[in-house]
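This report refers to the structure that appears directly beneath it.
As the structure is a computational prediction, the values presented were derived from the model and not from experiment.
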Amino acid sequence: NTVHKFAFRQIPPVNGHMSKQILFEQYFSCMPAAVDAPSGDDAGAGAGAPELPRVGLAKVVSRFADGEGSPAMIERSYGHGRVVLFASSCDQEWNDWGRDASYVVAVLELARFLARGRGIANDLVVGVPIEFSVDPDAYAEDVRVRTPGYPAEQEIDLTAAPREDRAGFWIRWDQTRSRGVYRFVLTRRTGEEEMRAFAVNLDPSESDLRPAVEADLRQSLHEMEFHYVDGLKSLGEVGEESRREFWKSVLLAAFVVLMGEQFLGWWFGRRA
């Protein structure tokens, strides 16, 4: 690997505040490898060789501002997890990023990203089916599904269907009616059980806090009848129309009761 010197990189804003310019004095020259195969030198081993973790395509997460856009951070999947290569040092030997406030934030976010792994998918929303394929040589066809209500809700048996290209089994779960983690219990041919989890979230559009105009409401509510109030003034008018005051009636009733009490006292007192 070639070591380059004197590359500058402007760190993105953190919490709305711009960081100072970070100096990277040295970094390794590297390029992502475009392969999708088992890792290791014996990837082409024949039958009977131990199963190796698969690695996915590498992606450049960030680049140096050195004029050539050299990769600064490269990420790729490895087995059920992720690995990240940082082309410079993590201490202050080759850069002064450790003195900047953005360093701690970036390292913590990177640790969370790597620890989460690839066992849980984060881009699924309620109502979207869960689909994934498995190797028929390594896994049995029978699958057990645990919904977010597990263990209060019992496991559901599911059978994987052959893919059209006959390259494996295809597992599909359509009943993603509630948010949460859906877990699929797979059984290996060796008898061991393996868990795969998928996180299903609410549609982000449901959290849109922008004001809705009348056309938006009519498109969303379809045939439902509603009264659209435009502005605070109209809202006040609607409140005036719906408000009813009872204090006058209550005051009149109290006056009648008090006067009746006085009259009855005078009437019975005069007769006595």
Side-chain angles (χ1 to χ4, degrees), residues 32-59 61 74-85 109-207:
V35 297
D36 186 7
S39 63
D41 297 334
D42 53 352
E51 183 179 356
L52 298 174
R54 299 192 66 84
V55 295
L57 299 178
K59 297 180 296 183
V61 179
I74 300 177
E75 179 267 338
R76 76 182 311 169
S77 60
Y78 183 87
H80 296 296
R82 295 185 178 97
V83 292
V84 170
L85 169 66
E109 290 296 325
L110 180 61
R112 290 178 55 187
F113 172 77
L114 295 175
R116 187 164 53 236
R118 296 192 304 121
I120 296 181
N122 299 304
D123 55 352
L124 299 176
V125 297
V126 173
V128 175
I130 299 175
E131 298 177 338
F132 63 97
S133 61
V134 295
D135 184 2
D137 296 332
Y139 299 93
E141 300 181 12
D142 297 331
V143 182
R144 304 197 311 274
V145 183
R146 296 177 180 177
T147 63
Y150 180 85
E153 298 179 3
Q154 296 182 350
E155 293 181 333
I156 302 174
D157 294 329
L158 183 66
T159 302
R163 293 177 51 173
E164 297 180 356
D165 56 4
R166 301 183 181 276
F169 290 149
W170 191 255
I171 298 177
R172 178 185 174 93
W173 180 256
D174 298 320
Q175 304 176 25
T176 55
R177 301 189 183 94
S178 58
R179 64 180 179 87
V181 178
Y182 291 78
R183 295 176 172 87
F184 296 80
V185 183
L186 308 178
T187 303
R188 287 185 169 271
R189 296 296 183 183
T190 57
E192 301 175 352
E193 291 188 348
E194 180 178 311
M195 183 85 66
R196 296 194 184 181
F198 297 84
V200 176
N201 302 306
L202 296 177
D203 191 343
S205 62
E206 298 182 8
S207 302

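Among residues two or more places apart in sequence or in another chain, the side chain to side chain donor-acceptor pair (under 3.5 Å) test is passed with T187 by none. Considering only residues two or more places apart in sequence or on other chains, T147 meets the side chain to side chain donor-acceptor pair (under 3.5 Å) condition with E153. With sequence neighbours excluded, the residues that form a ring pair (Phe, Tyr, Trp, His ring centres under 6.0 Å) with F132 are F184, F198. With sequence neighbours excluded, no residue forms a side chain to side chain contact (heavy atoms under 4.5 Å, CB included) with Q154. Under the side chain to side chain contact (heavy atoms under 4.5 Å, CB included) criterion, V83 pairs with R76, Y78, sequence neighbours left out. Residues that satisfy the side chain to side chain donor-acceptor pair (under 3.5 Å) test with D174, not counting sequence neighbours, are R172. Every residue meeting the side chain to side chain donor-acceptor pair (under 3.5 Å) condition with E155, not counting sequence neighbours, appears here in chain and number order: R144, R146.
Summarising the geometry of V181 relative to A197, their closest heavy-atom pair is CG1-CB, 3.8 Å, with the distance given to 0.1 Å. Here the closest non-hydrogen pair linking V126 and R177 is CG1-O, 3.4 Å. Of all heavy-atom pairs between A160 and F169, the closest is CB-CB, 3.7 Å.
The CG atom of L158 sits 10.0 Å away from atom CG of L186, with the distance rounded to the nearest 0.5 Å. Taking CZ of R196 as the start and CD1 of I130 as the end, the distance is 13.0 Å to the nearest 0.5 Å. Of the inter-residue distances, the one linking R82 atom CZ with E75 atom CD reads 6.0 Å to the nearest 0.5 angstrom. The CH2 atom of W173 sits 8.5 Å away from the OH atom of Y182 when rounded to the nearest 0.5 Å.
At least one donor-acceptor pair under 3.5 Å links the side chain of R189 to the backbone N or O of Y139. Panel note: side chain T176, backbone G127; a donor-acceptor pair is recorded below 3.5 Å.
With a 4.5 Å cut-off on side-chain heavy atoms, L110 and V84 count as touching. Within the 4.5 Å cutoff, the side chain of D142 has heavy atoms near those of the T159 side chain.
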